[in-house]
Amino acid sequence: MTRDYSMAVETDILERAEELEGKTFLDIAGEDLSEDINFVNKGNQGLFIEKFGFGISSNNDKDPDFKHAGIELKVCPLKFSKKQLVVKERTKICSINYKELIQENWLDSSARKKLRKILFVFYHWNNNSWNSQKIIKTVLWHLESDEVLISNEWRSTKEVVKQGNAHLLSESWYKALAPNTSGAGGDRDNVEQPIQIHSKYAKRRAFSLKRPFVNQYWESLVSPDSFESIQENLNLSHEDNIEDKLLELFRPFINRPLGQICKELNIELRNAKNATNLIIKKILRFRSFSSKIKEFEQSGIKIKTVPVNKDIGYKPYEATSFPVVKFNELIQDEDYYNSALSEQLMRILFVPIHREKRDTPLADAILLNPFFWSPDEKQETIIKEEWDNAISIIKEGIEIKRVRWGNGFRETNNLPKSSETQILHMRPHAQNSQDRDVDPNGVSITKQSFWLNMSFVHSIISKSMRDI
DNA sequence: GGGTGATCATGA
DNA sequence: TCATGATCACCC
């Protein structure tokens with residue numbers, strides 16, 4: 001049996017953590033696995049590592065797991081996505097007690113106690129083969145460099161609760177530390193909030209580090225050179241707003257043709273995606289064009305270039321696509337708020353470019369004012385409904401018809417069309433019609449993805465242009 | 001010119 | 001070779 005590390009000093013804990021790297025759960029527990037332990041519940045991998053990795057018995061303490069060293073243990077699942085190990089889910093930090101929250105200060109808050117130092121144990125998740133799950137890496141994370149961002153989000157949550165609006169809280173308002181819903185389901189998932197002027201109850205929530213945030217940290221461990229930081233490159237302080245700064249840097253190039261901009265910046269203009277990406281990285285003083293933008297990865301910011309015609313109210317020429325969804329993975333998403341799509345929609349930097357006609361040469365396309373966008377509450381409600389609807393169609397079984405088209409044929413299906421929806425539709429997104437996926441009922445269909453309706457993109461772009 | 005299925009171009 | 005962002009093509 002493993003020694004109890006709960007009162008150990010930091011070096012001992014880290015030494016033990018390092019021993020665990022590369023080991024499977026079976027290696028770690030060995031013959032103890034035969035003990036009568038029930039690991040059926042969700043989160044059990046965490047309890048397992050606590051017990052067999054560090055000899056800590058399960059507890060609900062407000063103190064960090066390693067009391068003496070002030071270190072919290074977080075066991076973080078990784079899964080394969082596109083041949084790469086990525087963080088599977090958000091990391092829960094502590095449940096929120098609304099009543100206590102509004103009386104706390106950040107510096108001595110219960111959240112900060114757990115966040116100050118975190119020992120991340122990253123393991124390759126596999127629910128079907130418990131014993132073979134392997135510890136990939138262990139590392140001590142320090143709050144320091146992200147404390148401004150995280151404490152601001154904590155304060156913002158506190159402020160909402162203080163105003164009696166705990167029932168309105170939404171995970172999507174936050175980038176790193178978010179109050180996500182938590183609980184076992186049922187009545188106990190609603191709790192009384194301290195200020196009841198608007199609503200007596202609010203959903204039970206827990207502070208969690210968002211998946212993209214933790215994933216960026218994980219990726220920075222695996223390949224430290226793949227990121228550059230806006231803050232570092234531009235020498236910004238933690239208080240500077242990175243989004244505002246970026247828009248400001250765009251300013252000298254607005255309303256000018258891409259050809260001219262690229263010449264001035266000494267960039268080779270190849271296509272729209274390439275141009276906007278390169279312009280952004282150039283104005284952010286990136287050393288390498290292939291670097292990922294640290295802050296964008298952390299906050300889940302995606303860049304979308306949208307060709308529009310400014311002479312007809314900034315109307316886009318096309319809908320905006322998202323990555324392909326695998327139907328069998330899609331239907332396993334818990335709900336919209338835990339879906340891949342909601343992550344794609346966390347925050348988008350739209351870069352509209354004006355094209356006189358759809359086939360206006362790119363060099364003559366005019367860079368218009370970029371803007372950041374996240375769904376507002378109303379939009380999110382619609383998106384959730386339309387996502388739910390798509391899921392139920394898929395679960396019921398997609399219907400495919402082969403219809404005459406010109407000289408040949410093409411396939412039609414009953415997935416949501418842009419004519420049937422306000423914001424989202426589904427549409428092929430494949431190499432060609434031979435590039436296919438299989439739906440939950442075994443029906444073969446061209447790979448599909450979600451798209452933002454052209455009319456919707458039109459509405460947010462024209463609104464943004466009016467607001468300038 | 002919109003709508004929708006199909007496909008291109010690029011980069012890892 | 002594949003995923004991705006973006007764009008094409010044809011009917012109405």
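Residue numbers begin at 1 in each chain, while the letters A, B, ... track the order of the sequences.
Nucleic acid contact class of A:T320 (heavy atoms, under 4.0 Å, all strands): none. Using a 4.0 Å heavy-atom cutoff across all strands shown, A:R404 reaches no nucleic acid atom at all.
For the pair A:E268 CD and B:dG11 C1', the interatomic distance rounds to 13 Å; values are reported in whole Å. We find that CG of A:D359 is positioned 15 Å from C1' of B:dC8, with the value rounded to whole Å.
With hydrogens and angles left out, the side-chain atoms of A:T181 and A:R205 include no donor and acceptor closer than 3.5 Å. Remark: the A:S449 side chain and the A:H429 side chain contain an N/O donor-acceptor pair separated by less than 3.5 Å. A:N271 and A:N274 are not linked by any side-chain donor-acceptor pair at a separation below 3.5 angstrom, with hydrogens and angles left out of the test. For the residue pair A:Q332 and A:N328, no side-chain donor N or O sits within less than 3.5 Å of a side-chain acceptor on the partner. A:N369 and A:R251 share no donor-acceptor pair across their side chains, judged by distance under 3.5 Å alone. Side-chain N/O atoms of A:Q133 and A:N126 include no donor and acceptor closer than 3.5 Å. Judged purely by distance below 3.5 Å, without hydrogens or angles, the side chains of A:T446 and A:Q448 pair a donor atom with an acceptor atom.
Between A:R436 and A:S444, the shortest heavy-atom contact is NE-OG, 2.7 Å. Scanning both residues, A:Y314 and A:I461, for their nearest heavy atoms gives CB-CG2, 3.8 Å.
Within the cation-pi definition used here (under 6.0 Å to the ring centroid, within 45° of the axis), A:K79 does not qualify as a partner of A:W125.
The stretch residues 421-451 of chain A touches DNA chain B through A:R427, A:P428, A:H429, A:A430, A:Q431, A:N432, A:S433, A:T446, A:W451, each having a heavy atom under 4.0 angstrom from the strand. Looking at residues 289-298 of chain A, you'll see A:S290 sit with a heavy atom under 4.0 Å from some atom of DNA chain B.
If A:E411 and A:N271 are placed on DNA chain B by their nearest nucleotide, the residue sitting closer to the 5' end is A:E411.
Ring pair A:W451/A:F322: centre-to-centre distance not below 6.0 Å.
On the nucleic acid side, DNA chain C contacts chain A at distances under 4.0 Å to non-hydrogen atoms, with the end points of that region at C:dA3 to C:dC11.
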Check: protein-nucleotides 1-3 of chain B nitrogen or oxygen pairs below 3.5 Å:
from: B:dG2; atom 1: OP1; to: A:K315; atom 2: NZ; distance (Å): 3.0

Could you tabulate the donor-acceptor pairs under 3.5 Å formed by side-chain atoms of residues 206-214 of chain A, not counting sequence neighbours?
from: A:S208; atom 1: OG; to: A:N180; atom 2: OD1; distance (Å): 2.4
from: A:K210; atom 1: NZ; to: A:E171; atom 2: O; distance (Å): 3.1
from: A:K210; atom 1: NZ; to: A:Y174; atom 2: O; distance (Å): 2.8
from: A:R211; atom 1: NE; to: A:E343; atom 2: OE1; distance (Å): 3.2
from: A:R211; atom 1: NE; to: A:E343; atom 2: OE2; distance (Å): 2.8
from: A:R211; atom 1: NH1; to: A:V87; atom 2: O; distance (Å): 2.7
from: A:R211; atom 1: NH2; to: A:E343; atom 2: OE1; distance (Å): 2.6

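Here salt bridge (charged side-chain N to carboxylate O under 4.0 Å, His left out) pairs that include residues 382-408 of chain A, with residues two or more places apart or in two chains, are A:K384-A:D388.
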